[in-house]
Amino acid sequence: MSQVKITLPDGSSREYQQGVTIKEIAFDIGPGLGRASVAGRVNGQEVDLAYQIEEDVELEIITIDSEDGLDIYRHTAAHVLAQALVRLFDDVQLAIGPTIDDGFYYDFDLEKRLSEDDFEQIEAEMKEIIKEGYEIERVELSKAEAIAKMKELGMDYKVELIEEMEDEVVSFYQQGEFIDPCRGPHLPSTKMLKTNAFKLLNLAGAYWRGDENNQMLQRIYGTAFTKKSDLEEHLHRLEEAKKRDHRKLGQKLDLFSLHEEGPGFPFFHPKGMVVRNQLIDFWKEEHRKAGYEEIKTPIILNQELWEQSGHWDHYRDDMYFTEIDEQDYAVKPMNCPGGILVYKDRMRSYRDLPIRLGELGLVHRHERSGTLHGLMRVRNFTQDDAHIYCLPEQIEDELSGVIKLVDTIYNAFGFKYNVELSTKPDKAMGSDELWEQATSALKEAILANDLDYEVNEGDGAFYGPKIDFHLEDCLGRSWQCGTIQLDFQMPERFDLTYIGQDGEEHRPVMIHRAILGSLERFMGILIEHYAGAFPTWLAPIQAEIIPITDDQLDYAYQVKEELEEAGIRVEVDSRQEKVGYKIREAQVQQIPYMLIVGDDEIEAGTVSVRERREGDLGAVKVEEFKNDLLEKIEKKV
RNA sequence: GCUAGCGUAGCUCAGCUGGUAGAGCAGCUGACUUGUAAUCAGCAGGUCACCGGUUCGACUCCGGUCGCUAGCUCCA
């Protein structure tokens with residue numbers, strides 16, 4: 001027997017007999033580590049504790065309290081869920097069961113339609129399996145054997161998956177009577193799962209392989225932790241997150257509403273309009289500084305325009321149509337064709353380029369009913385659109401300019417964002433060469449700006465690839481907001497030209513871009529981001545004046561007038577209620593400042609300032625409060 | 001669009017195995033004139049989403065439609 005040299009992450013190394021398992025090494029290093037170990041990473045590859053080391057390797061022990069350890073733990077929990085389903089339902093067909101950010105799910109096919117009422121029974125069976133404490137063993141079969149095995153068990157989806165694998169050996173994990181093909185690793189035993197720290201959360205339909213043309217499977221989502229308290233904390237966090245839901249806050253803070261009379265067509269209330277208008281003011285200011293001009297184009301335009309743009313061929317199903325004087329018209333789903341008409345309205349010189357035309361354009365799209373979601377996914381929304389017409393050699397600078405503008409605007413709200421590069425979809429216009437050229441230009445712009453990004457294959461617009469900027473909502477769901485699309489198709493289709501230095505006509509390049517994405521979605525994100533407590537510059541009401549009795553009403557209105565004259569949004573709560581009541585009301589409405597005025601304040605010409613988070617700040621002169629507040633608003637703090 | 005669930009007063013929710021609805025908050029009226037997160041009393045408010053069926057009788061059971069929620073698909 002020869003020795004193998006194990007190098008640990010800290011650089012130290014140890015010698016063991018060839019064939020030593022990771023579990024043995026972990027216990028050899030220390031019993032504490034041994035007990036906490038769930039798997040290993042050999043030369044960067046995750047493997048089971050029972051994995052035998054046959055040569056010199058770099059080894060990392062994965063412990064239960066690490067992120068990777070928890071992931072393995074949850075993966076085993078998913079297998080236990082699958083095992084429970086197989087035990088409970090004869091005709092269950094297993095599909096896939098991966099881990100996700102906060103838990104795991106398993107997809108399966110079953111004649112019986114499950115409901116959440118069935119969770120209790122399934123969880124009980126899972127607990128039983130955990131208690132029975134099966135060793136979890138890795139089994140390797142040849143591809144042919146693997147297929148035969150799955151056919152024998154009637155697992156058609158697994159057969160399909162294995163048939164498409166390239167490897168000749170397929171690994172399985174067996175626990176008791178249950179066996180499931182899986183890459184692993186897994187916990188060494190089902191009994192390592194805590195019976196009181198997992199929970200099945202919800203049930204959903206999910207298409208096999210994510211394709212809506214396929215069979216719809218049933219999916220059970222669950223989560224698992226190594227401690228009961230962690231599970232409880234997680235569930236508590238979910239509850240707290242739900243309180244930030246923009247749909248709830250929108251109603252509570254009287255910002256907007258949705259009605260059956262117009263599904264997906266949001267109604268903005270006066271307070272919601274304040275936020276929206278502040279956002280627009282900020283947007284306009286930043287765009288003015290970045291060299292944009294603004295236009296406005298019609299909502300309804302002749303159908304022929306949409307045929308020319310390619311929307312008729314590629315986007316018709318998502319559009320609304322109408323008729324005017326027996327002519328066919330369409331309600332715009334995008335602003336570009338209208339904007340193009342503005343560009344084409346006169347001759348353009350190379351000296352004019354780049355031309356940056358911004359438009360807060362109201363678009364309508366027929367989104368499928370099941371996809372609507374508060375303000376995040378609606379059927380009419382205002383895009384903070386702009387189209388940049390430029391020379392080919394200006395592309396790089398223009399793309400960078402937009403990326404920087406996105407960063408500036410998102411930073412004003414403290415948003416973290418994810419960047420995706422979306423490439424050519426199946427349903428696309430134009431040659432592969434042009435797409436390739438446009439895609440690599442976008443990629444270069446991302447790299448030049450030092451952004452991390454992921455590639456989203458086939459998710460581009462039908463006329464060009466795009467860089468998408470994603471923001472997260474209260475539950476961590478990702479929503480596309482900003483987008484930059486490089487387009488060589490529309491200039492061609494609309495025969496866009498500029499006169500070059502040589503006096504000849506040339507083709508400009510077009511960049512479509514939105515920073516906020518849509519005002520509606522962005523506001524939804526904003527509401528959840530701030531949990532309704534908007535920074536003062538955005539707050540619908542910035543200060544609530546609270547007189548203690550009617551005797552101070554005159555003074556209250558006097559203060560109101562002074563602040564209003566300075567442009568501050570202020571209200572007087574003139575109701576005959578106790579101070580505590582009015583304060584509570586203002587707190588619930590997340591008003592940044594409450595100004596309490598009693599006889600003392602009248603006497604001294606002050607207001608007692610209460611800040612919504614810090615509480616009572618004491619009395620200050622009205623003038624001082626005003627200047628202070630104006631400065632905060634100006635600085636957007 | 002698909003799968004599952006849900007739809008009772010402006011809001012949040014009760015309503016047992018079918019016998020034509022109730023609370024709190026909000027609203028209105030009155031009293032109280034109040035010092036940093038809810039003063040008291042009274043009043044009013046519902047074709048139980050809509051349409052049809054079963055039944056002597058339906059908020060309750062069944063079917064359909066619409067809307068909402070979670071997820072899938074699709075997307076700003």
List in numerical order all residues of residues 99-110 of chain A for which some heavy atom is under 4.0 Å away from an atom belonging to RNA chain B.
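Contacts with RNA chain B under 4.0 Å: none.
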Using atom C1' in both nucleotides, what's the gap between B/A76 and B/A4 to the nearest angstrom?
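One C1' to the other, the span is 28 Å.
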Distance between C1' atoms of B/G27 and B/G19 (Å, rounded)
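Approximately 33 Å lies between the C1' atom of B/G27 and that of B/G19.
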Does a side-chain N or O of A/Arg575 approach OP1 or OP2 of B/U34 to a distance below 4.0 Å, or not?
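Answer is no, no contact under 4.0 Å.
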Can you measure A/Phe256 atom CZ to B/C11 atom C1' for me and round it to whole angstrom units?
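Checked: the CZ to C1' distance equals 15 Å.
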Kindly express the pairing pattern of RNA chain B in dot-bracket notation, using | wherever a base pairs with another strand and counting only Watson-Crick or G-U pairs under 3.5 Å.
(((((((..((((.....[..)))).(((((.......))))).....(((((..]....))))))))))))....
P atom, B/C43 versus B/G24: distance in rounded Å?
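Nearest-Å result for B/C43 against B/G24 at atom P: 12 Å.
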Has the side chain of A/Asp551 got a donor or acceptor that lies under 3.5 Å from a partner of the other kind on the base of B/U33?
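Counting by modelled atom types and ignoring angles, no donor-acceptor contact under 3.5 Å is found here.
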Given the structure, check if the side chain of A/Gln218 and the base of B/U3 hold any donor-acceptor pair shorter than 3.5 Å.
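No, no donor-acceptor pair under 3.5 Å.
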Whole angstrom is fine here: how far is it from NZ in A/Lys242 over to C1' in B/C6?
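That distance rounds to 14 Å.
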Gap in Å between the two C1' atoms, one belonging to B/A21 and one to B/U36, rounded
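41 Å, rounded to whole Å.
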Please find the pair of heavy atoms, one from A/Asp550 and one from A/Ser574, that lie closest to each other, and give the distance.
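Where A/Asp550 meets A/Ser574 most closely, the heavy atoms are OD1-O, 4.5 Å.
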Calculate the interatomic distance between A/Ile220 atom CD1 and B/G5 atom P; express it in whole Å.
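Spelled out: CD1 on A/Ile220 to P on B/G5 is 13 Å.
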side-chain hydrogen bond (donor to acceptor under 3.5 Å, both in side chains) pairs, two or more places apart, involving residues 111-122 of chain A:
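Found none.
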B/A37 OP1/OP2 closer than 4.0 Å to side-chain N/O of A/Arg610:
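Affirmative; the distance criterion is met.
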Between A/His234 and A/Phe225, is the gap from one ring center to the other below 6.0 Å?
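Yes, the ring centres sit under 6.0 Å apart.
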Using the C1' atom as the reference point in each nucleotide, state the distance between B/C56 and B/G18 in Å, no decimals.
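Pairwise C1' distance, B/C56 against B/G18, rounds to 12 Å.
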Can you find a side chain N or O atom of A/Ser369 that sits less than 4.0 Å from OP1 or OP2 on B/G1?
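It does, given that an N or O in the side chain of A/Ser369 lies less than 4.0 Å from OP1 or OP2 of B/G1.
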Write down the distance separating the P atoms in B/U47 and B/C11, rounded off to the nearest Å.
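Result for the P pair: 13 Å, nearest Å.
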Would you say A/Asp318 and A/His366 are linked by a side-chain donor-acceptor pair, where the criterion is simply a distance under 3.5 Å?
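There is no such pair (donor and acceptor under 3.5 Å, judged by atom type) between the side chains of A/His366 and A/Asp318.
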Side chains of A/Lys332 and A/Thr297, donor plus acceptor under 3.5 Å:
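Short answer, yes.
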Can you tell me how far P in B/U3 sits from the matching atom in B/G22, rounded to whole Å?
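After rounding to an integer number of Å, I get 39 Å for this pair.
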How are the rings of A/Phe462 and A/His314 set relative to one another: parallel (under 30°), tilted (30 to 60°) or perpendicular (over 60°)?
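Parallel: the ring planes of A/Phe462 and A/His314 meet at under 30°.
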Quick one, give me the B/S/- string for nucleotides 71-76 of chain B, reading 5' to 3', where B means a protein heavy atom under 4.0 Å from the base and S means that only happens at the primed atoms, P, OP1 or OP2.
BBBBBB
Are A/Phe415 and A/Tyr417 an aromatic pair, judged by ring center distance below 6.0 Å?
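No, the ring centres sit 6.0 Å or more apart.
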Between A/Phe413 and A/Phe522, is the ring centroid distance below 6.0 Å?
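Ring-ring flag for A/Phe413/A/Phe522: true, centres closer than 6.0 Å.
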Of residues 591-608 of chain A, the positions that come close to RNA chain B - non-hydrogen atoms, cut-off under 4.0 Å
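The stretch gives A/Ile596, A/Gly598, A/Asp599, A/Asp600, A/Glu601, A/Ser608 as the residues lying under 4.0 Å from the strand, ordered by number.
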Nearest-Å distance for atom pair OH/P, residues A/Tyr555 and B/G35
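Going from OH in A/Tyr555 over to P in B/G35 covers 19 Å.
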Ring centroid separation A/Phe89 to A/Phe108 under 6.0 Å
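Ring-ring flag for A/Phe89/A/Phe108: false, centres at least 6.0 Å apart.
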Answer yes or no: side-chain N or O of A/Gln251 and base N or O of B/C11 forming a donor-acceptor pair under 3.5 Å.
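Such a pair does not exist between side chain and base.
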Testing the basics here: between A/Val570 and A/Lys560, what is the closest heavy-atom pair and its distance to 0.1 Å?
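What the structure gives for the nearest pair is O-CE, 3.5 Å.
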Rounded to the Å, how far apart are A/Glu577 CD and B/A37 C1'?
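Rounded to the whole Å, the gap is 13 Å.
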Taking only residues two or more places apart in sequence, or in another chain, which ones meet A/Phe381 in a ring pair (Phe, Tyr, Trp, His ring centres under 6.0 Å)?
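Testing A/Phe381 for ring pair (Phe, Tyr, Trp, His ring centres under 6.0 Å), a comparison that skips the adjacent residues, returns none.
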I'd like to know if the side chain of A/Gln251 pairs up with that of A/Ser257 as donor and acceptor (distance under 3.5 Å, no hydrogens or angles considered).
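The answer is no; no qualifying pair exists.
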What is the distance from atom CZ of A/Arg219 to atom CG of A/Asp107, rounded to the nearest 0.5 Å?
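Result: 4.0 Å between the selected atoms.
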Decide yes or no on side-chain hydrogen bond (donor to acceptor under 3.5 Å, both in side chains) for A/Arg521 and A/Gln480, but give the supporting numbers first.
CA-CA 9 Å; A/Arg521 177 174 289 180; A/Gln480 187 193 315; 5.9 Å; no
Looking at every heavy atom in both A/Gly338 and A/Leu301, which two are closest together, and how far apart are they?
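So the two residues come closest at CA-CD1, 4.2 Å.
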Would you measure the distance from the C1' atom in B/A14 across to the matching atom in B/A9 and give it in whole Å?
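After rounding to an integer number of Å, I get 13 Å for this pair.
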Considering heavy-atom distances to RNA chain B, does A/Lys578 or A/His259 have its closest nucleotide positioned more toward the 5' end?
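Taking each residue's closest nucleotide, the earlier one in sequence belongs to A/Lys578.
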